[in-house]
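Scroll down for the structure; my scribbles are underneath it.
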2 protein chains.
Amino acid sequence: MPKTITPFGQSLRERKKLKTREAIQREATRLFQKQGYEATTIEQIAAAVEISPSTFFNYFPSKEDVVLYDAYDPMVATLFESRPSDEPLSVSVHNVLEMLTDTLERDREIILARSKLILETPDLRARLWSEIERAQVFFGAMLAQRTGGDANDFEFRVVAIALVAAMMEAASEWVRLEGRVKMGDLMKRALDSISADSMLDAFSSRRK
Amino acid sequence: MPKTITPFGQSLRERKKLKTREAIQREATRLFQKQGYEATTIEQIAAAVEISPSTFFNYFPSKEDVVLYDAYDPMVATLFESRPSDEPLSVSVHNVLEMLTDTLERDREIILARSKLILETPDLRARLWSEIERAQVFFGAMLAQRTGGDANDFEFRVVAIALVAAMMEAASEWVRLEGRVKMGDLMKRALDSISADSMLDAFSSRRK
DNA sequence: AGGATAAGTGGAGTCACTCTAATTATCAAG
DNA sequence: CTTGATAATTAGAGTGACTCCACTTATCCT
């Protein structure tokens, strides 16, 4: 048993591990972009990183996870949770996106490339949706917290999934537009579309 | 070149093909339920149907498709398209579900079993979402038709995906409740939740 | 009965992924 | 700085989905 708890990433072991993890993601992404996701084999990635194929699976449970794994995910979650719980969720969404504007701008190229890869590759796209189910649970909890209800209620689940799906479409649109517009604005438009009148309009057509 | 166009499923060939297709689905589903989706191999299915594994892939492009393939899909689409285009979409949804009540009641057990399998199996669940993207396009077109807009507009895509996601959640709930309630009612509740006030409430919490 | 056409099949191969047992690197402590 | 524990890396064998292809067999049309 170690005498002192070694801070994360401080020991040689931890640093090496992190470096390897990043190297795998970097090389994998590079190869995916160069020759396509499906045309790239684990063997090729392993060769590029100079590790054995076995080691690859020590770091990522599947080929898909190399792309899907998002380091910013927990950060975004934290940002949301730090928002005052009496703030309307739509406003929170916008605010969180505002806080992320700089990061989004700085890493635009990388994020865009990665997102495109996901959107264009059926396998990855399918897997994305299971990430979305995690988001559904998260936002369901947020909604419940804000209204004092039970997150497991059918209504919350419905609103949460619709919300997340809409945000997903906004993100796709952002990618389609090469990140030329602010993601926060797209999210706002998306949320506006499904809430309030416009949704009803679309629903009930010329009746109103 | 044949002199007359042979009606679908009339010739020996066609009838046999249909029978085999059904046999594969039947046996596959049976095995999946008995021993789980992943634990069942193509070889086992082929053996049960008394065909070769090669033949399996002549009928279904992948193991997933045996479960996902839905014969009722085009029927539902037709029902929607036969609805008057000045009918609000939410009403159309309800009406279509009403028309399907009998079928849903009659085939309840089979549909339930199949749906459970899909919802419980991560691989199938992920694939379901790509079906949903097809539904998004379909409903996007419906919305556009009803409002006279362009189905490719961002707003339509957003509303369509939110709509479909909500319906999806309603369907899941139906499965969870073992089909004890009418699917149409769940859909109605789901659509009510995302449209109009309740959504706004959830969004803006105690402010209103 | 005939050849055209489609369905079924066997076999070889690829690739993602699993499991296991052995090897090597790092670590904590004396 | 050596040692025993622990974690990381690896090779290798195996499984199962899926592809490709050449070949046989069944159905069809005339």
Side-chain angles (χ1 to χ4, degrees), chain A residues 1-25 27-28 31-32 35-69 121-124 126-127, chain B residues 1-25 27-28 31-32 35-69 121-124 126-127:
Chain A
M1 203 197 279
K3 203 182 260 174
T4 55
I5 290 140
T6 326
F8 206 67
Q10 287 283 329
S11 74
L12 215 204
R13 255 187 202 161
E14 295 296 332
R15 267 178 292 144
K16 259 195 164 176
K17 234 181 144 175
L18 232 99
K19 253 182 67 181
T20 309
R21 180 176 217 87
E22 279 163 10
I24 295 176
Q25 266 185 321
E27 292 303 302
L31 287 170
F32 290 160
Q35 52 188 19
Y37 176 79
E38 274 144 35
T40 305
T41 69
I42 303 282
E43 230 177 314
Q44 290 172 349
I45 300 169
V49 190
E50 293 183 297
I51 56 171
S52 80
S54 303
T55 304
F56 175 94
F57 289 107
N58 277 348
Y59 284 86
F60 298 94
S62 81
K63 193 178 166 184
E64 291 164 358
D65 287 283
V66 191
V67 188
L68 265 337
Y69 173 82
T121 311
D123 280 5
L124 295 175
R127 267 293 303 273
Chain B
M1 201 199 281
K3 201 182 263 173
T4 55
I5 291 139
T6 326
F8 207 68
Q10 288 282 328
S11 74
L12 215 203
R13 252 186 204 164
E14 296 295 331
R15 268 177 291 144
K16 260 193 164 177
K17 231 179 144 175
L18 234 98
K19 253 182 67 181
T20 309
R21 179 175 218 90
E22 279 163 10
I24 294 176
Q25 267 185 321
E27 293 301 303
L31 287 170
F32 290 159
Q35 51 189 18
Y37 176 79
E38 274 145 37
T40 306
T41 71
I42 305 281
E43 231 177 315
Q44 289 172 350
I45 301 170
V49 190
E50 292 184 298
I51 57 172
S52 79
S54 303
T55 303
F56 175 93
F57 289 107
N58 278 348
Y59 284 86
F60 298 95
S62 80
K63 192 179 166 185
E64 291 165 357
D65 287 283
V66 192
V67 188
L68 265 336
Y69 174 81
T121 312
D123 279 4
L124 295 174
R127 267 292 305 271

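Residue numbers begin at 1 in each chain, while the letters A, B, ... track the order of the sequences. Source: prediction; values computed, not measured.
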OP1 or OP2 of [N] less than 4.0 angstrom from a side-chain nitrogen or oxygen of [X], does that happen here?
X       : N      : value
B:Lys17 : C:dA7  : yes
A:Lys16 : C:dT26 : yes
A:Tyr59 : D:dT9  : yes

TODO: Mark yes or no for whether A:Tyr59, through its side chain, and A:Val66, through its backbone, hold a donor-acceptor pair below 3.5 Å.
DONE: no

Open item on the list: For A:Asp123, is there any backbone N or O sitting under 3.5 Å from a side-chain donor or acceptor partner on A:Thr121?
Closed with: no

When the distance from [atom1] of [X] to [atom2] of [N] is rounded to whole Å, what number comes out?
X        : N      : atom1 : atom2 : value
A:Arg127 : C:dC17 : CZ    : P     : 9 Å
B:Arg13  : D:dC29 : CZ    : C1'   : 10 Å
B:Ile42  : C:dG10 : CD1   : P     : 16 Å
A:Phe32  : C:dC15 : CZ    : C1'   : 13 Å

TODO: Find the distance between CD1 (A:Ile51) and CD1 (A:Ile24) and round it off to the nearest 0.5 Å.
DONE: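 Separation between the atoms: 4.0 Å.
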
TODO: Would you mind classifying the nucleic acid contact of A:Phe56 as base, sugar-phosphate or nothing, using non-hydrogen atoms under 4.0 angstrom?
DONE: nothing

Open item on the list: By the 4.0 Å heavy-atom rule, please label A:Thr41 as base, sugar-phosphate, or nothing.
Closed with: sugar-phosphate

Task: Strand-adjacent residues in residues 43-51 of chain B, judged by heavy atoms under 4.0 Å from DNA chain D - done: none

TODO: List in numerical order all residues of residues 62-69 of chain B for which some heavy atom is under 4.0 Å away from an atom belonging to DNA chain C.
DONE: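 Contacting residues: none.
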
Open item on the list: Using only modelled atom types and a 3.5 angstrom limit, is any donor from either the side chain of A:Ser52 or the base of D:dA11 paired with an acceptor on the other?
Closed with: no

